[in-house]
There are 2 protein chains.
Amino acid sequence: MYYIFNYLRFMKNEFLRNWDTQLKKGLLPLFVLQALKKKECYGYELIQELKSSFGMEVTEGTIYPLLIRLMKEGLLVHKWVEQSSGIPRKYYFISETGEINFNEMKKNIEETLLKVN
Amino acid sequence: MYYIFNYLRFMKNEFLRNWDTQLKKGLLPLFVLQALKKKECYGYELIQELKSSFGMEVTEGTIYPLLIRLMKEGLLVHKWVEQSSGIPRKYYFISETGEINFNEMKKNIEETLLKVN
DNA sequence: TATAATACATCGTTATACAATGTATTATAT
DNA sequence: ATATAATACATTGTATAACGATGTATTATA
């Protein structure tokens, strides 16, 4: 019975789940840039960072294509870093173009959100 | 020369234009509900309302499918209103389900946006 | 010795904004 | 008078991007 309550508590209806996904399309690039501005990350690490810092749950099928896209657009740069053991890590950094775009995005979203009430 | 400056001033790069579109996918249902909460509208009117109240430019190919979707989900109801002249207008109203979902969405986005800085 | 966690990546599906197009009526400008 | 714009509805095809599923490889844990 406890489980059912717990399930219902966190369950969203079809509409809200879908809305969350669509909203993410807009907010995700912003949060990725913000996270990388604070601290360079590799992809797998970024997934955890987005969860802990922004409560945003993202899968690998989302994050890797996004990082590749942001690279292509020139907002990020990367550097492979060999590990003493295990798979090498691909670290991402925000570029100057990335910073400029981030500021523009932030300004944009702040203006927009003033209109919600 | 003046025109060029003016053009550049308002021009966004490919990435930002695209981002705006994606962000809209998330914010649009929220703004539509908010607009209809304030005042019932017909589709064509809503397009103008979104522009003037939220600075959000939306085409008919966006708004009509969206309204149909929100109807299907039970967030809106509609009523045809004959005009003394011209095409009848399809007025949309927010339902109780719509109000509940709107509040949930608002709460969600406010929490999320606190994390941008 | 199997399973989970770490770390990279790709592919097919799905949702949704948008341009283009269509129909019909009324107002306005030439 | 007549073309054009504005009003008002709607649909269709295309593009973008999140997500689930799947794949490879390494290391840690049960």
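Every chain is numbered from 1 and lettered A, B, ... according to where its sequence line falls, protein lines coming before strand lines.
- B:T62 comes within 4.0 angstrom of a nucleotide base, judged by non-hydrogen atoms across all strands.
- Ion pairing of B:K38 with B:E49 is present here, as a side-chain N (NZ or NE/NH1/NH2) and a carboxylate O approach within less than 4.0 Å.
- At the phosphate of D:dA15, neither OP1 nor OP2 sits under 4.0 Å from any side-chain N or O atom of A:R69.
- Remark: D:dT29 base-pairs with C:dA2; criterion is Watson-Crick or G-U wobble with both hydrogen-bond distances under 3.5 Å.
- Between the P atom of C:dT16 and the CG atom of B:N18 lies a distance of 17 Å, rounded to the nearest Å.
- The existence of a salt bridge linking B:K107 and B:E110 is excluded, since no basic side-chain nitrogen approaches an acidic carboxylate oxygen closer than 4.0 Å.
- Ionic pairing of A:E111 and A:K106 is not present here: no N-O contact between side-chain nitrogen and carboxylate oxygen is shorter than 4.0 angstrom.
- Partner A:E45 forms a salt bridge (Lys or Arg N to Asp or Glu O under 4.0 Å) with one of A:K51, A:R89, A:K39 and no other, that one being A:K39.
- Across D:dA18, C:dA17, C:dT16, the shortest atom-to-atom separation from the side chain of B:L28 is found for C:dA17.
- Residue B:Y64 has its side chain nearest to D:dA8 when only D:dA8, C:dA7, D:dA17 are considered.
- Relative to the side chain of B:R89, the nucleotides D:dT7, C:dT10, C:dA7 differ in distance, and D:dT7 lies closest.
- Rounded to an integer number of Å, the gap from NZ of A:K24 to P of C:dA17 is 17 Å.
- Applying the side chain to side chain donor-acceptor pair (under 3.5 Å) test to residues at least two apart or on different chains, the pairs with a partner in residues 91-102 of chain A are A:N101-B:N13.
- The CD1 atom of A:I47 sits 11 Å away from the P atom of C:dT6 (whole-angstrom rounding).
- For A:K115, the NZ atom sits in a packed shell: over 12 heavy atoms of surrounding residues, nucleotides or ligands are nearer than 6.0 Å.
- Remark: C1' of D:dA8 and CD1 of B:I68 are 14 Å apart, rounded to the nearest angstrom.
- Along DNA chain D, the nucleotide nearest to A:S85 and the one nearest to A:G26 differ in position, and the one closer to the 5' end is contacted by A:G26.
- In this entry the distance linking CZ of B:R17 with C1' of C:dA19 reads 14 Å, nearest Å.
- Residue A:W80 is classed as a sugar-phosphate contact, given heavy-atom separations below 4.0 Å to backbone atoms only.
- Of the listed nucleotides (D:dT16, C:dT6, C:dA15), C:dA15 has the atom at the smallest distance from the side chain of A:Q22.
- Atom CG of A:L70 is separated from atom P of D:dT16 by 15 Å (rounded to the nearest Å).
- Toward the 5′ end of DNA chain C lies the nearest nucleotide of A:Q48, the other residue of the pair A:Q48 and B:E57 mapping further downstream.
- Residue A:G61 is classed as a base contact, given a heavy-atom separation below 4.0 Å to a base.
- The partner of D:dA8 is C:dT23, by the rule that a Watson-Crick or G-U pair needs both atom distances under 3.5 Å.
- Distances were taken from every side-chain heavy atom of B:T59 (C-beta onward) to each of C:dT26, C:dC18, C:dA17; the shortest belongs to C:dC18.
- For the pair A:L67 CG and D:dA17 P, the interatomic distance rounds to 14 Å; values are reported in whole Å.
- Each of A:S84 and A:K25 has a nearest nucleotide on DNA chain D; the 5'-most of these lies closest to A:K25.
- You'll find that the side chain of A:I87 is closest to D:dT26, out of D:dT26, D:dC19, C:dA17.
- A close approach under 4.0 Å does not occur between any side-chain nitrogen or oxygen of A:Y44 and OP1 or OP2 of C:dC8.
- As rounded to whole Å, 14 Å separates atom P of D:dA8 from atom CD of B:E82.
- Of all nucleotides present, only D:dT2 satisfies the Watson-Crick or G-U wobble test against C:dA29, with each distance under 3.5 Å.
- Judged by distance alone, with hydrogens and angles left aside, B:E60 brings no side-chain donor or acceptor close enough to the base of C:dC18 to form a pair under 3.5 Å.
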